[in-house]
2 protein chains.
Amino acid sequence: MKPTIYDVAKEANVSIATVSKVLNNTGRISEKTKSKILQIMKELEYQPSSVATALTGKKTFTIGVLVPDIANPFFAEVARALENNAREMGYSIILCSTDYQLEREHDYLELLIKKQVDGIIIATEPKDLKKLRSLNDRNVPSVLFSIDHLAIDSHVVTTDDLKGGYLAGRYLIEKGHRDFVIITEPQRASGVLRVEGFKKALVDEGVDLEGVLVIEAKSKINEARKAANQILRLPKRPSAVFASTDLIAAIFINEVRKAGVSVPQDISIIGFDNTIHAEISDPGLTTIAQPIAKLASYTIEQLLDAIENPSIPPNRIMLAPTLIERESVRDLNK
Amino acid sequence: MKPTIYDVAKEANVSIATVSKVLNNTGRISEKTKSKILQIMKELEYQPSSVATALTGKKTFTIGVLVPDIANPFFAEVARALENNAREMGYSIILCSTDYQLEREHDYLELLIKKQVDGIIIATEPKDLKKLRSLNDRNVPSVLFSIDHLAIDSHVVTTDDLKGGYLAGRYLIEKGHRDFVIITEPQRASGVLRVEGFKKALVDEGVDLEGVLVIEAKSKINEARKAANQILRLPKRPSAVFASTDLIAAIFINEVRKAGVSVPQDISIIGFDNTIHAEISDPGLTTIAQPIAKLASYTIEQLLDAIENPSIPPNRIMLAPTLIERESVRDLNK
DNA sequence: CAGGTAAGGTTAAGCGCTTAACTTCACCGA
DNA sequence: TCGGTGAAGTTAAGCGCTTAACCTTACCTG
């Protein structure tokens, strides 16, 4: 069996309290006793049970991460970055894919509470608002990652989507484009903001919004294909397309090529997220990069702050996205 | 504060033992008392602490999953499938990315033991053999996922990589190919098996192995690019390439196109894994699919079996891969 | 109507650890 | 010589839950 603190204590001829003290580096113990105990721990391969520790009111050093779908490259990167930062701080992560379903979100939240996680990171568009709000009453600190929802009184760490859209719009205009189509995910707050920012850029540069078509497509292969083909069939083909995710953009490039239309010669495209799709697509996809690593480190920082001090008021941190220039946008000025 | 079993008991005017009984559906309680207690639990939004439950010797309903890198699409899919199956069985998952580093593997294993997980799934090429073997002594059931290592006495659930390679080889030969180059990951057992299977197919079909070049490349963007270009510069270009991962294959397609060489007209390629890269690449990548969903469900099944009954001898389950035909291989017979 | 029985509880110990409060003892200065 | 002091431990309660063993009633039966 796994050795317990009693085994160590007995072996060392001391009380368990003494052993506990060397575990936590508290109280007074002579160097001699201490090293003896440490020695014995090694011999027995003793590992304190974090379950028992947690029961005494200490932390579980576990945080829950809610994502919609870990198989989506963006969220996979997010999970990776969060895990990395958490690990460095001594925390581990319980992974929860909600699959965009209210029920799963609900169940997972209950589960995380039951498991006494120290905090929860929500990277999925929240559906179960009631449950989420109840997190506060239950003193479970939470951080919204890359999403924002005024109805929830948590910390927020997100990309400035509005600005991201704006960057994309301004860039295309600088490159001489004037006719646009937007492909965006329906019912996603960040998608809405991206489009809004994009349009704002057009307005600021004096482009008429009337002619701008907005097509809705989820960030899934078949929907993205459909959207791409819809654009190809348009009577007046736009000179540039703004896709609200890289997956949509990458598929657009492929569909368009199949139709004998060339990117960026015949049509330009700009994506969002800077996932691996953007990097390996051909031509390389110009896109708006979310600063995932930074978002993750701020998120963990905020969460740990909130864990240490539950009463601090929720901050809303917005990090600037950056434009990554590759080869999918043609410069019409040249 | 979070209500405890005491709060419920007090409110219901019964002892905590009674409450515990309704929680576990054991012992005798009158319907009346039971429904009253259930009612009160609802009102208080009582959730039993799984930490306390775990301490009484019950399970934690948590399993650890070790992957090398969750940002890799293959492992992201794996994590997703495992999580899905685990959730259905009432388990949740602690995610551990080892980043191919012995140290992290080691630390995570210690952590998982400390957290008293009920079992561990290892989907990363194991490095810390000693620690892994010690899992057995500590009665922590484990399953090797998609890898195999005779030195470790765990259950194994894996794709039949040998057969996968064989399938790829036979397919290419059926399509009339005779000159091959293989791109494979170095130091990866499954990679070795894939290559071996591939070669076996060639031998069985009477193709001389002498002319078959094997290039090593990690499944990373830059290494894959390098490998692709190395092939392009070859004095005698092969008619078909076998890449041991989809990422390598997808990048190969792009690099080759940039060089003005067309897939599959000028050169054919076949991948392995059937990740999203295979699906969205252009042309669609013909590849060997690992039955991820099935692997995951068998893995969870084996692990739960081992948790219930630690003494069952370790099984080794090998699931057959299948060939997914898309458009990246040319039929030379036509 | 004594004694058995079963239903519906309760009591209390224990899981592995933390921690406030207490004990013990050596040593010190006046 | 004696009280005071500080170092090094120990004692014991408590965290929230489970469970074996026990208790109390009501009811049944010969």
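Chain A is the first sequence line, chain B the second, and so forth, proteins listed ahead of strands; every chain is numbered from 1.
- Listed in residue order, the members of residues 3-17 of chain B having a heavy atom less than 4.0 Å from DNA chain C are B:V14, B:S15, B:A17.
- Residues B:L304 and B:D118 have side chains not in contact (no heavy-atom distance under 4.5 Å, counting atoms from C-beta outward).
- Phosphate contact (OP1/OP2 of C:dG9, side-chain N/O of B:T33, threshold under 4.0 Å): present.
- Rounded to an integer number of Å, the gap from CG of B:L55 to C1' of D:dT18 is 10 Å.
- The phosphate of D:dC15 has neither OP1 nor OP2 within less than 4.0 Å of any side-chain N or O from B:S49.
- Residues B:L135 and B:S154 fail the side-chain proximity criterion, which asks for heavy atoms closer than 4.5 Å.
- One atom, OH of A:Y46, and another, P of C:dG16, lie 10 Å apart when rounded to the nearest Å.
- Counting only heavy atoms from C-beta outward, the side chains of A:F145 and A:L303 never approach each other to under 4.5 Å.
- Which of D:dT18, C:dT10, D:dG9 sits closest to the side chain of B:T56 comes down to D:dT18.
- Under 3.5 Å, the side chains of B:S50 and B:T53 contain no donor-acceptor pair of N or O atoms.
- Counting non-hydrogen atoms under 4.0 angstrom, B:I29 reaches the backbone sugars and phosphates but no base.
- In this structure, A:K2 atom NZ and C:dG16 atom C1' are separated by 9 Å, rounded to whole Å.
- At the heavy-atom level, A:S20 lies under 4.0 Å from base atoms of the strands shown.
- When distances run from any side-chain atom of A:R28 to the nucleotides D:dA8, C:dA21, D:dG16, the shortest one goes to D:dA8.
- Side-chain N/O atoms of A:T62 and A:K115 include no donor and acceptor closer than 3.5 Å.
- Nucleic acid contact class of A:K58 (heavy atoms, under 4.0 Å, all strands): sugar-phosphate only.
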Donor-acceptor contacts, no H, no angles, side chain residues 67-82 of chain B, under 3.5 Å, sequence neighbours left out:
unit_1	atom_1	unit_2	atom_2	d
B:D69	OD1	A:R80	NE	2.6
B:D69	OD1	B:A71	N	2.9
B:N72	OD1	B:F74	N	2.8
B:R80	NE	A:D69	OD1	2.6
B:R80	NH2	A:D99	OD1	2.9

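- In this structure, NZ of B:K32 is placed 18 Å from P of C:dA7, rounded to the nearest angstrom.
- Side-chain proximity of A:T18 to the nucleotides C:dC15, D:dT10, D:dA8 is greatest for D:dT10.
- Atom pair B:N24:CG and D:dT19:P shows a separation of 6 Å (rounding to whole Å applied).
- C:dG9 atom C1' lies 12 Å from atom NZ of B:K36, rounded to whole Å.
- A:P126 and A:I147 get closest at one heavy-atom pair: CD-CD1, 3.6 Å.
- Between the C1' atom of C:dC17 and the NZ atom of B:K115 lies a distance of 16 Å, rounded to the nearest Å.
- One can place CE of B:M41 at 13 Å from C1' of D:dG16, the figure rounded to the nearest angstrom.
- Nearer the 5' end of DNA chain C, as judged by each residue's closest nucleotide, is the contact made by B:K21, out of B:Q116 and B:K21.
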